[in-house]
Amino acid sequence: MYKARHITNDIYYIGVNDRQKALFENLIPLPQGVSYNSYLILDEKTVLVDTVEVSFAEVFLDKLLSVLGNRSLDYLVINHMEPDHSGAIRTIRRMFPEIKIVGNARTFNMLEGFYGIHDGLLEVKDGDTLSLGKHTLRFFLTPMIHWPETMMTYDLLDKVIFTGDAFGAFGTLDGGVIDADMEIGNHLEEARRYFSNIAGKYGSAVQKALLKLKEVDIKTICPTHGPVWRDNVATILDMTDKLSRYEGEPGVVIVYGSMYGNTEQMAEAIAYGLSEEGEKNIVIYNVTKTDVSFIISDIFRYDRVVIGSPTYSNELFPDIASLLAKLETRDIKNRKFAYFGSSTWSNASIKLLAGFAERVKWDVVSVPIEIKQSLKEDKYEECIALGRLLAKS
Ligand code: FEO
């Protein structure tokens, strides 16, 4: 009963939308849901590229069969083994026991571990090809985006590349599947949040993959989440390149924790100073109000970061400590940084922020500003001066 969704004449979209899951990887909010994309190629041979999360296996199978008709499946290509894409592999194997599963050596190690599957495999190495009739697939091993087995599969005839999580985005596909058929602005924002939080740590691996793709003529990118990129191939490649090089665009993210508003007033004063000097891209986050995944996304986006924290039980404010740990994990490079803090009797937060700046090797542009109890005139002026300095830096 499902209408075929064409990507090209012979390539079909058969993915599903998840509007039930609240947290991706049980960590990251999905206010607009997420899609698990899967693709079917019909040639002399038939090929399924990636599957979906296991709870969608039944509807996925219905979609697959409605396009496949009474043909069988010859190959299942696994670009990525994380269970949001590999979850339906056992269902597919039961339905098509003769199917050959295509992956690399690391894929098969995980396939055995997750699903106990160890036969009917076709191992590919970097650059190997597989003829399907008119179509030929070429495989690019692109490890550590963001798992060791990740690879990409390129269709030489239609110049379509199936990229796994790379170039993926949070958000469901509401009607349209290809970017040309939708307003794309919000999808690009969700692609940035996806990259920053999922693959952000693996910038050098992403750079290696992008280098491999440099000579490839790409007309369409088919990721495992979010829109199929056709009108915006250059845009998503460029965005991924910049993010993976940790190249921030001009702008300032100010993040604070504040129990009673005193630390917040410092953030406001810094932003005032920035604005006075003509800075236009300024975003202030209350760390306990906005989920950290959105804050991390903007810290990947912009070139300057300011963080402020009160001292809390002789430590950092807990949500600021959590943010810093997540930033350290992602190893974001090349940011200009300033920090500020407040305390009532003991000034631990400033020392702890200094330690963070040292560990991440960010360029600290000014001495930190610290207040006791509340923001007085002199410190208010210091905060404005810090904002002005940041605008010029
Ligand atoms: Fe969408 Fe790494 O799984």
Side-chain angles (χ1 to χ4, degrees), residues 13-39 48-57 60 76-92 101 103-104 106-111 113-115 139-153 161-173 177 187-206 208-210 221-229 236 239-240 243-244 293 296-297 300 326 329-330:
Y13 176 87
I14 54 166
V16 298
N17 286 312
D18 186 345
R19 299 186 183 86
Q20 295 174 32
K21 194 187 291 295
L23 298 174
F24 191 77
E25 296 182 346
N26 223 2
L27 286 169
I28 302 167
L30 293 170
Q32 297 161 81
V34 68
S35 68
Y36 310 117
N37 301 345
S38 170
Y39 305 90
L48 179 63
V49 183
D50 293 310
T51 74
V52 301
E53 214 251 10
V54 67
S55 52
F56 292 86
F60 171 62
L76 164 60
V77 173
I78 305 176
N79 286 318
H80 182 27
M81 270 300 296
E82 195 161 3
D84 52 337
H85 310 296
S86 66
I89 289 177
R90 268 207 292 239
T91 308
I92 293 296
I101 299 181
N104 59 72
R106 286 164 163 159
T107 316
F108 296 150
N109 181 282
M110 294 180 189
L111 190 64
F114 277 116
Y115 305 111
F139 303 96
F140 294 94
L141 301 202
T142 52
M144 293 317 301
I145 314 177
H146 54 126
W147 278 27
E149 87 299 357
T150 46
M151 64 180 207
M152 299 186 189
T153 301
I161 189 158
F162 304 94
T163 55
D165 280 349
F167 317 113
F170 294 128
T172 50
L173 297 174
V177 166
H187 291 283
L188 284 169
E189 287 299 318
E190 283 294 76
R192 181 186 293 107
R193 188 167 71 100
Y194 183 85
F195 179 92
S196 309
N197 286 277
I198 304 297
K201 178 182 170 62
Y202 304 99
S204 64
V206 175
K208 279 182 197 155
L210 290 175
I221 295 175
C222 291
T224 44
H225 300 288
V228 168
W229 305 105
I236 193 73
M239 188 173 96
T240 306
L243 290 170
S244 58
S293 66
I296 288 172
S297 183
F300 266 82
K326 289 177 173 119
T329 299
R330 280 160 185 80

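Only this structure's heavy atoms are used, side chains among them; waters, hydrogens and symmetry mates stay out. Indexing begins at 1, ligand by ligand and atom by atom, following the structure's order. Count residues from 1 along the sequence.
- Side-chain contact annotation: Asn79 with His85, donor-acceptor N/O pair under 3.5 Å absent.
- Between Phe162 and Tyr39, the ring planes lie tilted relative to each other; the angle falls in the 30° to 60° range.
- The atom of His146 nearest to atom 2 (Fe) of ligand 1 is NE2, with the search restricted to N, O or S atoms.
- Atoms NZ and CD1, from Lys208 and Ile145 in turn, are 10.5 Å apart once rounded to the nearest 0.5 Å.
- For His225 (side chain) and Ala169 (main-chain N/O), no donor-acceptor pair under 3.5 Å exists by modelled atom type.
- The aromatic rings of Phe170 and Phe24 sit perpendicular, their planes meeting at an angle over 60°, well past the 30° parallel limit.
- With waters left out, the protein N, O or S atoms under 2.8 Å from atom 1 (Fe) of ligand 1 add up to 4.
- When only modelled atom types and interatomic distance are considered, Asp165 and Thr224 share a side-chain donor-acceptor pair under 3.5 Å.
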